[in-house]
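Each chain gets a letter, A, B and so on, in the order the sequences are listed, and its residues count up from 1.
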Amino acid sequence: MTIWHILLGRLTWSSLAFVRAWRDPTLSELIGAAAAAIAVGGAVVLFGLLTYLRAWRYLWSEWLTSLDHKRIGIMYMVFAGVMLARALIEAVVIRTQQAIAINNQGIVGPEHFAELFSTHGTIMVFFVGMPLLIGLMNYVMPLQIGSRDVAFPYLNSISLWLTIGGGIMMMASLVVGKFSTGGWSGYPPYTELAFNGGVGPDYWIWSVSLSSLGALMTGINFAVTIYKFRAPGMTWMRLPLFTWTSLCTSILMIFAVPPLTIATLMLAADRYLGMHFFTNDLGGNMMNFVNLFWLFGHPEVYILILPPFGVYSEVVSAYSSKELYGYTSLVIATMAIAILSFTVWLHHFFTMGQSAPINAFFGIATMLIGIPTGVKIYDWIWTMFWGEVRLNTAMLFSIGFMVTFVIGGMSGIILATPPVDYMVHNTLFLIAHFHNMLIPGMLYGVIAGYYYWFPKAFGFRLSEKWGRRTFFCFFVGFYLAFMPLYVMGLGGVARRSQELFDPTLRPWTIVAEIGALLLFTGLACIFIQLYVSIKQRHQTRVPVGDPWDARGLEWSMSAPPPEYNFAVIPQVSRRDAFYWRKKYDGAYRPADHYRDIELPKNSMCGILVGMGLTACFFGFVWHIWWLAFLGFAVAFGTAVVRSFNRDVNRVIPAAEVAAHDRRWLDRAAAARPIPRHLELTPENEGLAKWQG
Amino acid sequence: MKRPIRHARPATPRAHSSRARLLTRIGAIMASLAALSLSGCSVLSRGFLAPGGPVAHAERHEFFFVSVVMLLVIGPVILLAPLIAWHYRLANTKSAFRPQWGFSWILEGLIWIPPTIIVIVLAVFLVQRTEQLDPYRAIPSNLPPLQVDVVSLDWKWLFIYPELHIASVNQLILPANRPVHMSLTSGTVMQSLLMPRLAGQIYAMTGMVTQLNLAISEPGTYWGENAQYNGDGFVKQKFQVMGVTPADFSHWVASVKQTPKVLDDKAYHNLSQESTIPQPITFGTVEPGIFAKIVHQVIPPGDAAKHEEAKYDG
């Protein structure tokens with residue numbers, strides 16, 4: 001036990017991707033080193049830029065330590081955007097490998113390829129999907145229910161920093177050490193010490209643990225917010241649909257995420273403490289892991305899908321200038337999906353040898369989910385019916401979603417049929433299916449929501465031109481990338497294949513590669529859209545705050561909203577509260593009486609807890625025990641010390657609130673109400689012309 | 001086993017109703033149209049859409065049946081969503097506009113009841129087919145099934161013919177038109193056996209035995225693979241399945257019995273080391289009861305084997 005060993009644990013020179021590439025300069029290692037260089041270079045450039053712009057203080061005091069749900073939401077989405085870029089690049093590398101490696105080794109070796117599909121999946125689920133949606137919910141949900149913040153702002157900050165900590169670990173695995181090769185589901189015994197002694201599975205265990213802890217806290221936070229922080233009069237059946245789906249997702253997070261945390265911790269106990277939960281020998285059984293994992297994994301799918309369903313409900317209704325069709329049906333369907341999602345986990349392993357009646361039960365339960373899902377889609381179609389549909393970016397994504405998602409539903413029913421599942425399970429057909437659900441279901445929805453709520457968050461609209469280009473890339477790109485995978489899957493091509501042996505597959509892999517590149521171009525379009533929109537923000541400002549003539553409370557304040565959201569907590573008398581207020585001329589009126597508003601002070605405790613626990617888990621990965629202890633001490637100590645602090649709120653005086661509100665009302669009074677066909681022109685200042 | 005093949009009633013595909021058969025026809029026609037329109041579609045002939053046995057055949061039927069039903073379900077959405085959006089676009093001033101309309105009992109009935117009926121219909125078929133195509137269910141035939149014990153290793157498949165006392169690695173020779181019963185276990189991590197043109201997947205897991213029944217209808221060459229990722233050699237863990245006539249099968253058995261290699265504890269231990277093998281291997285003699293020893297971990301599985309390394313090396 002040398003001093004180096006105590007200081008650095010298992011870290012050695014060859015843990016560094018650069019050193020490995022120097023010693024063994026194969027193409028695969030060089031690609032790994034290049035990725036590490038991008039990660040390190042990106043961090044260096046970011047730090048340099050922040051220092052050059054002297055932005056550290058601003059960033060720290062206005063953002064990183066902020067407990068404002070709106071800023072936390074935006075930070076979630078920025079983080080997810082960075083992770084999305086990485087995981088999508090990985091997807092392109094995976095597709096490129098399969099397009100090239102037909103009877104040859106291609107560009108990445110077997111182990112590197114396995115790391116790629118493992119990080120791609122882990123990142124997309126835990127560090128893109130969930131943060132994007134949690135970010136969106138964070139921003140929008142409190143505004144929709146007429147609340148000043150979430151129930152536990154400090155907990156919200158901890159959740160954010162735990163999630164970011166997990167992302168930092170994912171990025172660190174690019175540079176030091178290797179990531180797991182066991183896929184995003186990390187099935188033992190393959191991920192047990194006996195078969196994978198390195199740090200890879202440990203990286204997976206601990207980064208997923210961070211994410212799952214964060215998600216659990218978010219679930220509790222949001223559920224309590226919706227239960228307890230609704231504005232007076234905001235009864236259950238007046239909640240906007242996005243809030244309904246947020247509630248269902250929060251409940252799912254509370255009940256579904258703990259099995260994952262437990263499963264990963266049990267696996268960690270096997271690896272660190274010599275236990276035998278899932279090992280091959282001494283009574284371990286991997287079937288328990290598989291069950292626990294999917295007990296989480298299936299509700300997780302709906303954690304990812306339900307909030308976008310809420311987005312579509314809002315977007316389709318707003319851009320059709322029409323009441324949402326079948327509100328009650330949609331609420332029932334959402335709840336039904338949330339409950340049914342706990343009854344289907346076994347369909348992820350019909351092939352594990354259980355009896356036919358069990359498989360049949362879970363197959364039927366799976367098909368049942370198709371009913372409420374189908375109802376939802378028809379509800380959106382009937383919402384457009386007798387409406388006035390503006391076919392902008394968000395609507396294109398919504399319609400693209402409906403058309404594409406049902407194809408995924410079809411392959412889902414096919415997979416839910418056990419006899420067919422025996423043939424296509426674990427093949428590219430399965431890969432095509434869940435991408436067919438998640439890309440239209442989740443990603444399109446987030447992009448639509450991003451386009452829809454962006455003007456509210458930043459006070460100016462996004463570029464429509466680049467939005468349409470984004471839609472083209474994501475729509476066509478999806479079909480090109482994944483339809484060939486359906487075909488190859490029917491041909492029995494196993495998922496996670498680093499090399500293929502049949503030249504007849506080549507046309508299909510090349511089409512899929514083109515699709516992947518197109519999807520990547522789509523992501524580039526999103527970034528360009530943001531850049532272009534910021535540049536032309538002076539022509540697209542919507543300070544009055546209602547650029548789309550929309551219906552929910554979130555549109556009833558200035559854009560961007562004041563940090564306390566509502567000058568006066570609104571009184572809600574019916575569904576689509578803001579719409580009816582506009583109709584009966586109750587909008588844009590000063591309040592009779594302004595009060596002092598109490599808001600949480602900024603706090604660095606969230607970042608300390610999050611980063612402390614990240615350091616602790618990083619120490620676990622590398623067996624650097626002093627770091628693990630120190631990190632845990634920081635996290636735990638911060639939590640304890642903060643709990644004694646009673647001075648956590650600050651007060652915004654009523655006069656200040658009144659002044660801000662008056663300025664906004666003056667602005668609204670001066671603005672010209674614009675009709676819908678002019679909403680994409682510079683004339684749109686965020687005041688809608690009444691035309692009902 | 002020496003009975004000539006013509007005396008045996010071939011394993012028949014399961015009977016199904018005429019309506020389902022019609023749907024199959026439609027499905028088959030549509031599939032072949034799709035196949036024509038997409039040149040280079042020989043990829044589909046690798047999988048269960050080109051079945052080589054009754055199990056894959058029935059599973060293909062089920063695939064077409066569900067696909068056709070689902071196409072009827074999703075078709076309206078694919079048409080309606082863009083059409084309605086386009087018809088009610090803002091620029092079309094002729095279309096009706098009723099912003100307060102948000103409910104209709106008729107439409108509610110239309111969107112809840114027919115899907116429910118379709119799911120009930122599909123569920124009835126699902127229960128029936130899942131029972132019929134249970135991988136544990138023996139395939140009806142006059143002939144006794146051939147028993148094959150399968151052991152998944154890193155990164156190869158070991159096939160033991162316990163009644164014949166022979167074994168092969170990465171090569172599965174089976175008599176056509178005779179049912180086969182497989183018992184699977186794993187000597188290492190969890191794996192999944194898939195023979196795309198013959199029978200669907202079942203996991204092979206250490207310390208446990210899963211079962212798979214299949215049959216080959218026509219003599220010919222098929223293939224199989226592991227579909228569950230298990231490390232660097234995963235993509236090489238593929239094998240040829242040869243369906244042969246009973247006479248050829250007897251010849252093959254006789255020739256294998258000539259090979260001097262013996263599958264005993266030591267040979268198995270060597271075989272179970274992580275490796276890919278370029279050519280199939282055959283064992284002329286198999287120590288009786290070796291499969292049970294693997295299942296009951298008398299011979300320790302992969303990871304434990306590493307701990308016990310010294311025992312064998314010493």
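- Of the inter-residue distances, the one linking B/Phe97 atom CZ with A/Lys322 atom NZ reads 9.0 Å to the nearest 0.5 angstrom.
- To the nearest 0.5 angstrom, A/Met286 atom CE is 7.0 Å from B/Ser186 atom OG.
- Contacts of A/Leu490 with chain B are made by both backbone and side-chain atoms, with heavy-atom separations under 4.5 Å.
- Closest heavy-atom contact between A/Met488 and B/Val43: CA-CG2, 4.2 Å.
- Contact annotation: the side chain of B/Leu110 never approaches that of A/Tyr378 to less than 4.5 Å [non-hydrogen atoms, C-beta and beyond].
- Heavy atoms of A/Asn196 lying under 4.5 Å from chain B are absent altogether.
- Shown here for A/Arg551 and B/Pro99, the closest heavy-atom pair between the two residues is NH2-O, 4.5 Å.
- No part of B/Asn92 comes within reach of chain A, as not one of its non-hydrogen atoms sits under 4.5 angstrom from that chain.
- Only the side chain of B/Tyr136 comes within less than 4.5 Å of a heavy atom in chain A; its backbone stays farther off.
- Contacts of A/Ile364 with chain B are made by both backbone and side-chain atoms, with heavy-atom separations under 4.5 Å.
- B/Arg89 contributes atom CZ, which lies 8.5 Å from atom CG of A/Leu391 (distance to the nearest 0.5 angstrom).
- Options A/Trp386, A/Phe350, A/Phe405 differ in how many heavy-atom pairs under 4.5 Å they form with chain B, and the most are formed by A/Trp386.
- Top candidate by heavy-atom pairs under 4.5 Å with chain A, chosen from B/Ile84, B/Leu80, B/Leu184, is B/Ile84.
- A donor-acceptor pair shorter than 3.5 Å can be found between the side chains of B/Glu108 and A/Tyr325.
- Residues B/Pro82 and A/Val403 meet the side-chain proximity criterion, which asks for heavy atoms closer than 4.5 Å.
- Here the straight-line distance linking atom CD1 of A/Ile371 with atom CD1 of B/Ile120 works out to 7.0 Å at 0.5 Å rounding.
- To the nearest 0.5 Å, atoms CD1 (B/Ile111) and NZ (A/Lys376) are separated by 11.5 Å.
- The structure places CD1 of A/Ile381 at 12.5 Å from OH of B/Tyr88, a figure rounded to the nearest 0.5 Å.
- Only the side chain of A/Thr427 comes within less than 4.5 Å of a heavy atom of chain B; its backbone N, CA, C and O stay farther away.
- With chain A as the partner, the residue from B/Ser192, B/Pro135, B/Ala85, B/Pro196 showing the most heavy-atom pairs under 4.5 Å is B/Ala85.
- Options B/Val73, B/Thr116, B/Val127 differ in how many heavy-atom pairs under 4.5 Å they form with chain A, and the most are formed by B/Thr116.
- When side chains are defined from C-beta on, A/Val493 counts as touching B/Arg46, because their heavy atoms get closer than 4.5 Å.
- Contact annotation: the side chain of A/Asn285 approaches that of B/Met208 to within less than 4.5 Å [non-hydrogen atoms, C-beta and beyond].
- In this structure, chain B has no heavy atom under 4.5 Å from any part of A/Met395.
- Using a 4.5 Å cut-off between heavy atoms, B/Ala50 does not touch chain A at all.
- Summarising the geometry of A/Pro110 relative to B/Tyr229, their closest heavy-atom pair is O-OH, 4.0 Å, with the distance given to 0.1 Å.
- For A/Phe385, the parts sitting under 4.5 Å from any heavy atom of chain B are the backbone and the side chain alike.
- Interface summary for chain A: among B/Gln211, B/Met205, B/Glu62, the most heavy-atom pairs under 4.5 angstrom belong to B/Met205.
- A donor-acceptor contact shorter than 3.5 Å is absent between the side chain of A/Glu388 and the backbone of B/Ala96.
- A 4.5 Å side-chain heavy-atom check between A/Thr328 and B/Phe103 finds every atom pair outside the cut-off.
- With a 4.5 Å cut-off on non-hydrogen atoms, B/Ile117 does not touch chain A at all.
- Residue pairs meeting the side chain to side chain donor-acceptor pair (under 3.5 Å) criterion with at least one partner in residues 406-416 of chain A, sequence neighbours excluded, are A/Ser411-A/His433, A/Ser411-A/Tyr486.
- Contact count against chain B (heavy-atom pairs under 4.5 Å) is highest for A/Gly387 among A/Gly374, A/Gly489, A/Gly387.
- Here B/Leu107 is the residue among B/Leu107, B/Ile78, B/Thr93 with the most heavy-atom pairs under 4.5 Å with chain A.
- With a 4.5 angstrom heavy-atom cutoff, A/Met367 touches chain B via backbone and side-chain atoms both.
- Nearest heavy atom pair, residue A/Met423 against residue B/Met195, reads CE-O, 4.2 Å.
- With a 4.5 angstrom heavy-atom cutoff, A/Ile413 touches chain B via backbone and side-chain atoms both.
- When each of A/Gly326, A/Gly370, A/Ser329, A/Ala114 is checked for heavy-atom pairs under 4.5 Å with chain B, A/Ser329 comes out on top.
- Interface remark: of the candidates A/Gly109, A/Ala356, A/Pro357, A/Ser355, A/Ala356 forms the most heavy-atom pairs closer than 4.5 Å to chain B.
- With chain A as the partner, the residue from B/Leu79, B/Leu194, B/Thr210, B/Val209 showing the most heavy-atom pairs under 4.5 Å is B/Leu194.
- Looking only at side-chain heavy atoms (C-beta outward), B/Leu126 and A/Phe361 stay at 4.5 Å or farther from each other.
- With a 4.5 angstrom heavy-atom cutoff, A/Phe501 touches chain B only via side-chain atoms.
- Heavy-atom distances place the side chain of B/Gln297, and not its backbone, under 4.5 Å from chain A.
- The parts of A/Ile407 that come within reach of chain B are both its backbone and its side chain, each placing non-hydrogen atoms under 4.5 angstrom from that chain.
- A/Arg390 and B/Leu90 make their closest contact through CG-CD2, 3.7 Å (heavy atoms, listed as atom of the first residue, atom of the second, distance).
- Among all heavy-atom pairs drawn from B/Ser67 and A/Met410, the shortest one is O-CE, 3.7 Å.
- Counting only distance, with no hydrogens or angles, the side chain of A/Glu111 and the backbone of B/Asp232 share no donor-acceptor pair below 3.5 Å.
- Side chains of B/Gln132 and A/Pro419 form no contact here, defined as non-hydrogen atoms less than 4.5 Å apart.
- Ranking A/Phe113, A/Phe117, A/Trp380 against chain B, the residue ahead of the rest is A/Phe117, based on heavy-atom pairs under 4.5 Å.
- Contact of B/Phe234 with chain A is made through the side chain alone, with heavy-atom distances under 4.5 Å.
- When side chains are defined from C-beta on, A/His425 counts as touching B/Tyr203, because their heavy atoms get closer than 4.5 Å.
- With respect to chain B, the highest number of heavy-atom pairs below 4.5 Å among A/Phe349, A/Tyr319, A/Tyr187 belongs to A/Tyr187.
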